[in-house]
Amino acid sequence: MTDDPANPKGSAPNRVAAASRAMTRRRMVAGGAGAFAALGAPVPFRRFMPPGLAPVALAQGAGDAAADHGKPGLTVLSRRPLTMETPPHLLDDDATPAARMFVRNNGLVPEVAGAREETWFLEIDGEVERALRLSIADLKSRYEHVTCQLQMECGGNGRKYYYPGTSGNQWSFGAVACPEWTGARLADILRDAGVKPAAVYTGHYGADPHLTGDPDKAPISRGVPIEKAMEPHTLVAWAMNGEAIPVLNGFPLRLVVPGWPGSCSQKWLTRIMLRDQVHDGPKMGGQSYRTPAYPVAPGTEAPDEDMEIIRAMPVKSLITFPETGQTRGAGAAFEVRGHAWAGERAVSAVDVSIDFGRRWIKADLAAPRNRYAWQRWRATLALPQAGYYEVWARATDDAGDMQPPVPPGWNPRGYLNNMQHRIAVFAV
Ligand SMILES: Nc1nc2c(c(=O)[nH]1)N[C@H]1C(S)=C(S)[C@@H](COP(=O)(O)O)O[C@H]1N2
Ligand SMILES: [Mo]
């Protein structure tokens, strides 16, 4: 590509930018044959390209700097409430740094910056023998400290790719993270309070105000079945990567419920109530974080009474290196790598393809650092001749579930899209 005067040689990002401009000029919105011209490169595996496939190189937009919020490079999806996602190539670290963890707020960010461990309290009540009111200092002194890496993904991650579109944040791939958390096991705290036999569910409360500012309304209050609350990796966390949790990610105290929709992991945590029924707080009922009990045709509605609460998240993977749009020498070996995770399960295989899914190459897959940590995968690839390629990655979990190439099971709110991640690579 040489139509960029600032960069006549056409470095990889500029190839993509130039291709995008060419695309706009041609007013091409769909994929298919016309899209190839806009790529500015031959497509050696073109014969394997599904008809109508839109090349991923043409699908990217410029990242909206989120540096004001201490998260440079993240894409701001909405400002009120504040939501930001992480481009996949910024998720390459083994443990996600604070500056690269996505943000999903349902309400306003509470005034918490001045909170101290003696002045922030967690209340435990409901179906317990003894209600507790514990400061963070109490939590730290009374319960065993646990440190582990836990993946957290928004239930709506990938929503952008459902067709027809569904309402909610238009996440692409970046509403996922796997930092290292330190805290107490929720199970230890609940045992201390004495779980009554009637307790079947938790209800979580945080300090964030509702968007309307109405003090009687909570923006979100979700819960989990008591078995998941008692699972030893469900943590009440006061630290992330050995430091205070960022304000936007729940400082000074949050719940971490790994493998389940991120919405279960209450930020700015103030109270956990044990319930004798499924919790009925805001965003537990109706269409929120729920999918139809049966497959529905795309674009149709399902009545609230036919919706089921989402439990574990499905198997998924990301390509975190290289960044999409990069150039490699034809025939030269290069590394591709990323992470894979699978809700309550372990990932058993990751495969990659450079020919639009015609053939798959097994990647090396590392064991998780602990249960519920994502797993690192790597593969060495070589692109046979000059031209445009896509690298696709596909993870399989230990129950045999595999990521589909297209969004699975359309549902009214666009949850649980675990389609394969694709990047563009140019060979020269
Ligand atoms: N108090 C509170 N907790 C919350 C939310 C919220 O709006 N308020 N959003 C939830 C949702 S939907 C997700 S996906 C995760 C996101 O966590 P993060 O913002 O730290 O990435 O937080 C969850 N916990
Ligand atoms: Mo979420």
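As the structure lists them, so they are numbered: ligands from 1, and atoms in each ligand from 1.
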Mind checking salt bridge (charged side-chain N to carboxylate O under 4.0 Å, His left out) for E123 and listing every partner two or more places apart, or none if nothing turns up?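 By the salt bridge (charged side-chain N to carboxylate O under 4.0 Å, His left out) rule, E123 matches no residue at all.
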
Winner among A207, S263, C264, G155 once heavy atoms are compared against atom 10 (C) of ligand 1: S263

Among C154, G168, P246, closest by heavy atom to atom 14 (S) of ligand 1 is C154

Tell me which protein heavy atom sits closest to [atom], plus the residue, atom name and distance to 0.1 Å.
| atom | answer |
| --- | --- |
| atom 7 (O) of ligand 1 | N106 N, 2.7 Å |
| atom 1 (N) of ligand 1 | D208 OD1, 2.8 Å |
| atom 6 (C) of ligand 1 | I220 CG2, 3.4 Å |
| atom 23 (C) of ligand 1 | G262 O, 3.2 Å |
| atom 21 (O) of ligand 1 | F102 O, 2.6 Å |
| atom 19 (O) of ligand 1 | K267 NZ, 2.5 Å |

Consider ligand 1: state whether an atom of it lies below 4.0 angstrom from any non-hydrogen atom of [X].
| X | result |
| --- | --- |
| P219 | no |
| R254 | yes |
| Y289 | yes |

W181: which residues meet the ring pair (Phe, Tyr, Trp, His ring centres under 6.0 Å) condition with it, sequence neighbours left out?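 Applying ring pair (Phe, Tyr, Trp, His ring centres under 6.0 Å) to W181 gives none.
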
Ignoring hydrogens and geometry beyond distance, is a side-chain donor-acceptor pair present between [X] and [Y] at under 3.5 Å?
| X | Y | answer |
| --- | --- | --- |
| S317 | Q403 | yes |
| T83 | N169 | yes |
| T291 | N411 | no |

Check whether any N or O atom of W268, backbone or side chain, sits under 3.5 Å from an N or O atom of ligand 1, and answer yes or no.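 N/O-N/O distance below 3.5 Å does not exist for this pair.
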
I need the single residue from T396, V350, D397 that forms a side chain to side chain contact (heavy atoms under 4.5 Å, CB included) with V315. Which is it? D397

Is the cationic atom of [X] (NZ for Lys, CZ for Arg) positioned less than 6.0 Å from the six-membered ring centroid of [Y] and within 45 degrees of its normal?
| X | Y | value |
| --- | --- | --- |
| R394 | W360 | yes |
| R159 | Y415 | yes |
| R275 | Y201 | no |

With a cut-off of 4.0 Å, which atoms of ligand 1 are near a heavy atom of [X]?
| X | value |
| --- | --- |
| N105 | 7 (O) |
| M101 | 20 (O), 21 (O) |
| S265 | 22 (O), 23 (C), 24 (N) |
| N249 | 18 (P), 19 (O), 20 (O), 21 (O) |

Which label fits H233 and Y372: parallel for a plane angle under 30°, tilted from 30 to 60°, or perpendicular past 60°? perpendicular

